[in-house]
Trainee: 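Quick one: this structure, given as structure tokens, is what I'll be asking you about.
Every value quoted in this text rests on a predicted model; they were computed, and no experiment measured them.
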Amino acid sequence: MTHIKTLTVTALAMGLAASPAAGQFTFGVNAGASLSDLTVSGVGITSQEGRRGILAGASLTLPVSGPLGLRLAGSYLQKGATFSLVQIGDVALSLDYVQVAALGRASLPLGGSRSLLYLLAGPVIAWETSCEVTITPVLQPIVQMGGCDEEALKTPTKNVDFAVSGGAGVLLSVTGGMGLSLDVLYTHGLRSIYDGELDWTGHNRAISVQAGLVFPVG
């Protein structure tokens with residue numbers, strides 16, 4: 001990913017009781033940060049800077065068979081990027097989404113039943129809740145700002161985005177059956193977010209790091 005630095009996260013926790021088991025229903029709440037940009041084609045780009053955003057959500061993990069499970073998750077997150085176009089100028093897109101994901105989970109117990117290492121992968125559907133654009137032309141001192149759907153800005157976007165997501169995480173025990181989770185996920189858009197007449201495309205992609213609390217259900 002252009003200009004995205006490697007995200008390194010170290011988590012330290014001391015377990016006081018067994019964590020939620022791999023074959024148990026669990027409910028989780030989480031929050032974190034993301035770094036996103038766009039894969040753009042059809043227009044010349046000299047540079048691009050990703051958008052640093054926030055995310056927050058909740059999830060329900062269902063046991064399927066043995067170490068396999070299904071995580072159903074909903075979240076709010078921010079995406080976008082700022083890119084410099086040849087002979088045009090800088091364009092900054094700030095997009096906000098509400099998304100749902102159905103992620104398969106394969107888990108591996110670590111240190112007995114006290115913690116789990118797991119892999120996640122699956123489809124994502126996201127609904128755009130807000131899109132703002134700022135255009136700074138090369139040859140003009142006037143900055144244009146507004147909603148992406150404004151006709152003068154020529155940056156209309158699609159209301160729905162489809163993507164795939166994958167990554168890994170760890171679940172550590174805390175107390176009373178509650179667990180502490182830490183996930184790192186990469187998400188790549190499958191369709192162009194641009195919905196106008198100009199001949200260019202842009203696909204969302206993001207790396208996110210999120211921490212949360214996990215509770216056994218039932």
Side-chain angles (χ1 to χ4, degrees), residues 1-7 9 30-59 70-86 88 90-105 119-135 146-150 153-169 183-210 212:
M1 183 180 300
T2 307
H3 296 302
I4 288 187
K5 299 179 179 179
T6 303
L7 300 176
V9 180
N30 59 271
S34 65
L35 184 58
S36 63
D37 70 358
L38 296 167
T39 56
V40 178
S41 63
V43 62
I45 292 181
T46 58
S47 65
Q48 181 174 184
E49 180 180 352
R51 183 189 184 192
R52 293 171 174 82
I54 61 172
L55 61 94
S59 65
L70 176 65
R71 176 189 288 186
L72 304 177
S75 59
Y76 161 83
L77 72 163
Q78 298 174 326
K79 294 183 179 181
T82 299
F83 42 92
S84 297
L85 303 179
V86 178
I88 296 177
D90 293 339
V91 178
L93 285 174
S94 298
L95 303 110
D96 296 349
Y97 290 95
V98 171
Q99 71 175 28
V100 295
L103 305 178
R105 190 183 86 162
L119 300 177
L120 298 167
V124 178
I125 303 177
W127 290 267
E128 182 187 292
T129 61
S130 174
C131 182
E132 299 293 330
V133 62
T134 301
I135 301 176
C148 295
D149 291 334
E150 293 184 18
L153 298 176
K154 300 184 184 302
T155 55
T157 53
K158 295 183 175 71
N159 293 327
V160 180
D161 192 22
F162 300 100
V164 290
S165 184
D183 299 341
V184 179
L185 293 171
Y186 171 73
T187 303
H188 192 98
L190 298 178
R191 69 186 311 209
S192 174
I193 65 169
Y194 180 63
D195 197 28
E197 298 179 356
L198 300 180
D199 189 22
W200 72 277
T201 63
H203 294 75
N204 280 314
R205 56 182 178 177
I207 291 177
S208 63
V209 178
Q210 54 189 355

Trainee: Under 3.5 Å, side chain of Arg191 to main-chain N/O of Lys158, donor-acceptor pair present?
Mentor: no
Trainee: Starting at CD1 of Ile54, measure out to OH of Tyr76 and round the result to the nearest 0.5 Å.
Mentor: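 If we round to the nearest 0.5 Å, Ile54:CD1 and Tyr76:OH are 5.5 Å apart.
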Trainee: With no hydrogens and no angle check, is any side-chain donor or acceptor of Arg51 less than 3.5 Å from a backbone partner on Ser36?
Mentor: no
Trainee: Have a look at Ser208 and tell me which of Leu55, Val184, Leu77 forms a side chain to side chain contact (heavy atoms under 4.5 Å, CB included) with it.
Mentor: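 For Ser208, the side chain to side chain contact (heavy atoms under 4.5 Å, CB included) check succeeds only for Leu55.
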Trainee: Should Asn204 and His188 count as side-chain neighbours, where that means a heavy-atom distance under 4.5 Å?
Mentor: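 No. Closest side-chain heavy atoms not under 4.5 Å.
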Trainee: Would you say the side chain of Leu103 lies within less than 4.5 Å of the side chain of Ser165, judging by non-hydrogen atoms?
Mentor: yes
Trainee: Between Thr157 and Asp195, is there a side-chain heavy-atom distance shorter than 4.5 Å?
Mentor: no
Trainee: Taking the basic N atoms (NZ, or NE/NH1/NH2) and the acidic carboxylate oxygens, is any pair closer than 4.0 Å for Arg105 and Asp183?
Mentor: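 So Arg105 does not pair with Asp183 through a salt bridge.
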Trainee: Between Ile125 and Phe162, is the side chain to side chain contact (heavy atoms under 4.5 Å, CB included) condition met? List the steps.
Mentor: CA-CA 5 Å; Ile125 303 177; Phe162 300 100; 3.9 Å; yes
Trainee: Ring centroid separation for Trp127 and Tyr97, is it under 6.0 angstrom?
Mentor: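 Centroid distance Trp127-Tyr97: not below 6.0 Å, so no.
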Trainee: Quick check for you: to the nearest 0.5 Å, what is the distance between Glu132 atom CD and Ser94 atom OG?
Mentor: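 Interatomic distance, Glu132 CD to Ser94 OG, rounded to 0.5 Å: 7.5 Å.
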Trainee: Can you list the steps and then say if Val133 with Leu93 is a side chain to side chain contact (heavy atoms under 4.5 Å, CB included)?
Mentor: CA-CA 5 Å; Val133 62; Leu93 285 174; 3.8 Å; yes
Trainee: Are Ile193 and Leu38 packed together at the side-chain level, in the sense that at least one heavy-atom pair is separated by less than 4.5 angstrom?
Mentor: yes
Trainee: For the residue pair Asp149 and Pro156, what are the closest heavy atoms and their distance?
Mentor: OD1-CA, 3.6 Å
Trainee: Is any side-chain heavy atom of Leu185 closer than 4.5 Å to a side-chain heavy atom of Ile207?
Mentor: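 A side-chain contact under 4.5 Å is absent here.
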Trainee: Return yes if a side-chain donor-acceptor contact under 3.5 Å exists between Gln48 and Thr82, otherwise no.
Mentor: no
Trainee: Tell me, do Val100 and Leu72 make a side-chain contact under 4.5 Å, heavy atoms counted?
Mentor: no
Trainee: Run Val164 and Leu190 through side chain to side chain contact (heavy atoms under 4.5 Å, CB included) and show every step you take.
Mentor: CA-CA 7 Å; Val164 290; Leu190 298 178; 4.0 Å; yes
Trainee: Would you call Asp37-Arg52 a salt bridge at under 4.0 Å N-O?
Mentor: no
Trainee: Could you tell me whether the side chain of Gln99 and the main chain of Ser75 form a donor-acceptor pair under 3.5 Å?
Mentor: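 Flag not set: sc Gln99 to bb Ser75 has no pair under 3.5 Å.
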Trainee: Please check if any side-chain donor atom of Asn30 sits under 3.5 Å from a side-chain acceptor atom of Gln210, or the reverse.
Mentor: yes
Trainee: Would you indicate whether the side-chain heavy atoms of Thr187 and Lys79 approach each other to under 4.5 Å?
Mentor: yes
Trainee: Distance-only, no hydrogens or angles: does the Ser84 side chain make a donor-acceptor pair with backbone N or O of Asp90 under 3.5 Å?
Mentor: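 No; judged by distance alone, with no hydrogens or angles, the pair does not exist.
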Trainee: Assess the residue pair Glu128 and Leu95 against the criterion (side chain to side chain contact (heavy atoms under 4.5 Å, CB included)); give the C-alpha distance rounded to whole Å, side-chain angles, the decisive distance to 0.1 Å, and a yes or no.
Mentor: CA-CA 7 Å; Glu128 182 187 292; Leu95 303 110; 3.6 Å; yes
Trainee: To the nearest 0.5 angstrom, please state how far the NE2 atom of His203 sits from the OG1 atom of Thr39.
Mentor: 5.5 Å
Trainee: Examine distances only and state if a side-chain atom of Thr129 and a backbone atom of Asp96 form a donor-acceptor pair shorter than 3.5 Å.
Mentor: yes
